[in-house]
Amino acid sequence: MQGLKGIIDALEPVEGGWRGAIPDNWLQGRTSYGGLSAALALHVAQQSDVDLPPLRSALVAFIGPLAGEITIRATKLRRGRNAAFIQADIESDAGLGLRATFVFMNTVESKVDYEVGTAPDFARPTPDDTTYKGENSNFFIQNFELLDRRDATVGPIEWLRWVRLQDRDGLDPMVELVAIADCLPPAALKLIGGPAPVSSMTWQLNILGPQPATTDGWWLLRADARYAKGGSSSQDMMIWNADGVPIAEQMQSVAIFA
């Protein structure tokens, strides 16, 4: 089973970009798990210019399926004194599969100091907790370790789950976070009551600080559906670290074929 670091290390430079491959153990149906694709796009974007500031925001469009051999290209759209905008595209034999715009920005002095996002009352896993490891799955989830909360305090269209990568040594913290951030199933699936064909269409992730950090690799993820009708769903998402510090806010648009 190839981990994210191995996939990154296997990328080879080609004219105008990088060539790599999506292993079968990272597939989500007929396409790559979205967090993996976005993490690879971020890695290549980070290599596209020198001394980039920390990632602050990502806008990702899942345009088509990505599997097998891929090519990743990054383009600098603009770089100012404090911020840089980098676009990254991933193509496979099926054509363009992902386009992302990453915004890298330095911290600047400001008189504004405000945040929300108190972490839910769900303590991080301990060695005595029984967590789920997806080793027996042929799905991308085999790369993660999980602990769900499914009691009455979790909403009927909400997921709340501790997540960590099983193989995370040597990863850039931002790349690791992006790989984790898309791990939850669409919250609207709870309205269906079981598996159904779904496809993420767009994803926005805003980083709430200069550098993500946690303990023992654990991140607390929440997804909450706000709308589901006519085959389209909109959901809000949140990430906290192991100490309950808010790390990222997200929003996704998801197509539901059921």
Side-chain angles (χ1 to χ4, degrees), residues 4 22 26-46 54-67 70 72-74 77 85-92 95-105 117 139-141 143-144 157-161 163 165 172-190 196-209 212 219-228 231-240 246-257:
L4 175 55
I22 304 294
W26 281 94
L27 291 177
Q28 184 176 14
R30 64 192 183 100
T31 189
S32 167
Y33 159 59
L36 171 67
S37 302
L40 295 177
L42 173 59
H43 169 76
V44 170
Q46 290 173 327
L55 180 69
R56 285 292 182 174
S57 187
L59 299 168
V60 182
F62 298 105
I63 297 168
L66 289 172
I70 57 170
I72 312 173
R73 296 181 174 88
L77 303 178
F85 288 73
I86 309 292
Q87 177 179 294
D89 291 346
I90 306 183
E91 299 178 355
S92 68
L96 181 63
L98 178 144
R99 171 163 289 174
T101 301
F102 298 106
V103 184
F104 302 87
M105 181 178 173
F139 208 41
F140 77 92
I141 204 68
N143 298 283
F144 296 90
I157 48 173
E158 176 187 10
W159 290 106
L160 187 61
R161 176 179 286 176
V163 180
L165 276 169
D172 175 271
M174 286 293 186
V175 171
E176 177 186 351
L177 182 69
V178 169
I180 286 280
D182 188 37
C183 189
L184 295 184
L189 284 180
K190 286 197 166 186
V198 297
S199 179
S200 297
M201 295 187 292
T202 59
W203 173 24
Q204 177 167 351
L205 179 146
N206 294 328
I207 306 295
L208 307 180
W219 306 92
L220 180 59
L221 276 59
R222 183 173 70 190
D224 189 4
R226 299 297 186 181
Y227 173 93
S232 178
S233 172
S234 179
Q235 65 180 33
D236 292 338
M237 304 152 72
M238 191 76 188
I239 304 176
W240 296 268
I247 297 296
E249 289 188 319
Q250 308 179 79
M251 176 177 282
Q252 277 196 357
S253 175
V254 182
I256 301 175
F257 305 100

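Since we're looking at a predicted model, the values are computed, not measured.
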**OP:** Begin from the C-alpha positions of Ile72 and His43 and carry the test side chain to side chain contact (heavy atoms under 4.5 Å, CB included) through to its verdict.
**Re:** CA-CA 10 Å; Ile72 312 173; His43 169 76; over 6 Å; no

Original post:
Would you say the side-chain atoms of Trp219 pair up with the backbone N or O of Ala181, donor to acceptor, closer than 3.5 Å?
Top reply: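 Judged by distance alone, no pair lies under 3.5 Å.
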
Subject >> Side-chain donor/acceptor of Tyr33 to backbone N/O of Ile141, under 3.5 Å >> reply: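 No, the answer is negative, given that no donor and acceptor are paired below the 3.5 Å cut-off.
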
**OP:** Given side chain to side chain contact (heavy atoms under 4.5 Å, CB included), test Leu96 with Asp89 step by step and report yes or no.
**Re:** CA-CA 7 Å; Leu96 181 63; Asp89 291 346; 3.8 Å; yes

Please give me the minimum heavy-atom distance between [X] and [Y], naming the atom from each residue.
| X | Y | result |
| --- | --- | --- |
| Ala67 | Ile22 | CA-CB, 4.3 Å |
| Phe85 | Thr101 | CD2-CG2, 4.3 Å |
| Ser233 | Ala188 | OG-CB, 3.5 Å |
| Gln235 | Pro186 | OE1-CA, 3.5 Å |
| Gln28 | Gly34 | OE1-N, 3.7 Å |
| Trp240 | Ile247 | C-CG1, 4.0 Å |

Original post:
Of all residues at least two apart in sequence or in a different chain, which pass the ring pair (Phe, Tyr, Trp, His ring centres under 6.0 Å) check with Phe62?
Top reply: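 Listed in chain order: nothing, the list is empty.
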
Would you say [X] and [Y] make side-chain contact, with heavy atoms under 4.5 Å?
| X | Y | answer |
| --- | --- | --- |
| Leu40 | Val175 | no |
| Met105 | Ile207 | no |
| Phe140 | Leu27 | no |
| Leu221 | Ile180 | yes |
| Asp172 | Gln46 | yes |
| Lys190 | Trp159 | yes |

Original post:
Can you list the steps and then say if Leu165 with Phe144 is a side chain to side chain contact (heavy atoms under 4.5 Å, CB included)?
Top reply: CA-CA 5 Å; Leu165 276 169; Phe144 296 90; 3.5 Å; yes

What residues form a salt bridge (Lys or Arg N to Asp or Glu O under 4.0 Å) with [X], not counting sequence neighbours?
| X | value |
| --- | --- |
| Arg226 | Asp224, Asp236 |
| Glu91 | Arg73 |
| Glu158 | Arg222 |

Test side chain to side chain donor-acceptor pair (under 3.5 Å) applied to [X] - qualifying residues, sequence neighbours left out:
| X | result |
| --- | --- |
| Glu176 | none |
| Ser32 | Ser37 |
| Trp203 | Gln250 |
| Gln252 | Asp182, Ser200 |

Rounded distance [0.5 Å steps], [atom1] in [X] versus [atom2] in [Y]:
| X | Y | atom1 | atom2 | value |
| --- | --- | --- | --- | --- |
| Glu249 | Ile239 | CD | CD1 | 10.5 Å |
| Ile256 | Leu189 | CD1 | CG | 6.0 Å |
| Met237 | Leu184 | CE | CG | 6.0 Å |

Test of understanding: with side chain to side chain contact (heavy atoms under 4.5 Å, CB included), list the residues that count as partners of [X], not counting sequence neighbours.
| X | result |
| --- | --- |
| Ser232 | Met201, Ser253 |
| Pro65 | Arg30, Thr31, Ala94 |
| Ala41 | Ala88, Ile90, Leu98, Phe102 |

**OP:** Output every pair passing side chain to side chain donor-acceptor pair (under 3.5 Å) with a member in residues 55-66, not counting sequence neighbours, ordered by first then second residue.
**Re:**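 Passing the test, one end in residues 55-66: Arg56-Thr107, Ser57-Asn206.
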
